[in-house]
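What follows is a single structure, written as structure tokens, with notes after it.
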There are 2 protein chains.
Amino acid sequence: MMYSIIETLKKNQLSITDSRKKILELFVKAKGALAHADIEHQSGTEFDRVTIYRTLQTFVEKGIIHTIPTSDNSVRYALCKDACTEGHHHDNHVHFMCDVCGTTYCLDNITTPDVKLPEGFRSTQTDLVVSGVCAKCAN
Amino acid sequence: MMYSIIETLKKNQLSITDSRKKILELFVKAKGALAHADIEHQSGTEFDRVTIYRTLQTFVEKGIIHTIPTSDNSVRYALCKDACTEGHHHDNHVHFMCDVCGTTYCLDNITTPDVKLPEGFRSTQTDLVVSGVCAKCAN
DNA sequence: AATATTTTGCAACAATGTTGCAATGTTGTA
DNA sequence: TACAACATTGCAACATTGTTGCAAAATATT
Ligand SMILES: [Mn+2]
Ligand SMILES: [Mn+2]
Ligand SMILES: [Zn+2]
Ligand SMILES: [Zn+2]
């Protein structure tokens, strides 16, 4: 599977800038999800902190990345592999956080279950986050 | 059902202080979950911000309240109704966040499902958060 | 009531996130 | 390629959230 940085940016009507190319590249290469701080470290002093915030926000709005609700309430982001479009995410997959290495995985082929809610409650989104030990840290 | 503030504090070997009584009372009276800011507002200038942080931390450690992972990554707390003990939480119920009124509900009698994880992954905790519109805001 | 222990408030700091605005970079057109 | 229109960036300044050390105050123990 190929992922073209430039193509993705163009497809979403975003102008091609150094920060967008670099940050999107980090996501494509990343094994798991990235926190804002990860990006700040991995891109050195290349970009201003504010630019990273704004770029992440733009990517989320465009449906290029999605946020992950973590049990420690820190914000993480990962590439959308589903057909997400502007203002319309479809990332209904389970997430896994390793307590040992801290990696957050998108379990893309495990979909979130339907939950039977009490009378009168209507669901628009379901997030399922599992914590534990990942395969790499299992030994 | 009765909930004795003092009893709960004693049972957990915590000394009885004004802040602990007040903050625990806020949780007992609250409909949904509380954020740190909620407590800060509802208790006026009675206690220092730091005291609230420390009290919440203590309550979580003792198994009196539990944290809730929310889709907007803000920290919320709610009373443990299950038999949680020091360092051992059993709050395996679903949470619901209303997009309209912002209330976070503990759906105490809807338990989180078992998720079949990939080979080698081991789960220690499962959090399921549903967003949508609650019964009160349904009209 | 006196002492030992715990908790609190304060100050100082660190981390995270937001906004306005001028300078810079990008894009489409000539 | 050069220009104008437009979008993005970096900087500064600020707000919010969370952490730590320590002396003063409150609570528990004797
Ligand atoms: Mn994901
Ligand atoms: Mn709960
Ligand atoms: Zn791991
Ligand atoms: Zn509601």
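Throughout, a chain's letter reflects where its sequence line sits, starting with A, and its residues are numbered from 1.
Rounded to an integer number of Å, the gap from A/Ile52 CD1 to C/dT18 C1' is 15 Å. We find that CG of A/Asp48 is positioned 10 Å from C1' of D/dA12, with the value rounded to whole Å. Here the P atom of nucleotide D/dA7 and the CG atom of A/Asn12 are 16 Å apart, to the nearest Å. Rounded to an integer number of Å, the gap from CD of A/Glu40 to P of D/dG10 is 12 Å. Distance CZ (B/Phe47) to C1' (C/dT7): 12 Å, rounded to an integer number of Å. If you measure from atom CG of A/Leu9 to atom P of D/dT8, you get 11 Å, rounded to the nearest angstrom. A/Arg20 places its CZ atom 6 Å from the C1' atom of D/dT8, with the value rounded to the nearest Å. The distance between atom CD of B/Gln57 and atom C1' of D/dG18, rounded to the nearest whole Å, is 10 Å.
Ring-centre distance between B/Tyr105 and A/Phe121: below the 6.0 Å cut-off.
Between B/His95 and B/His66, the ring planes lie tilted relative to each other; the angle falls in the 30° to 60° range.
A continuous path of Ile, Leu, Val, Met, Phe, Trp and Tyr side chains, each step under 4.5 Å between heavy atoms, connects B/Leu14 with B/Tyr3, placing both in one hydrophobic cluster.
Nearest heavy-atom pair across A/Thr126 and A/Thr112 is O-CG2, 3.7 Å. Nearest heavy-atom pair across B/Arg122 and B/Leu117 is C-CD1, 4.3 Å.
In this model, no side-chain donor or acceptor of B/Arg49 finds a partner on the base of C/dG9 within 3.5 Å.
Judged as a salt bridge (charged side-chain N to carboxylate O under 4.0 Å, His left out), and not counting sequence neighbours, A/Glu61 has no contacts.
In terms of phosphate contacts, A/Thr51 brings no side-chain nitrogen or oxygen within less than 4.0 Å of OP1 or OP2 of D/dT8.
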task = Classify every nucleotide of nucleotides 19-30 of chain C by which part a protein heavy atom approaches to under 4.0 Å, writing B for the base, S for the sugar-phosphate alone and - for neither, in 5'-to-3' order.
result = BB-----SS---

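In this structure, A/Lys29 pairs ionically with A/Glu25, as a charged nitrogen and a carboxylate oxygen lie closer than 4.0 Å.
Contacts of A/Glu46 with the nucleic acid, taken as non-hydrogen atoms under 4.0 Å apart, involve only primed sugar atoms and P, OP1 or OP2.
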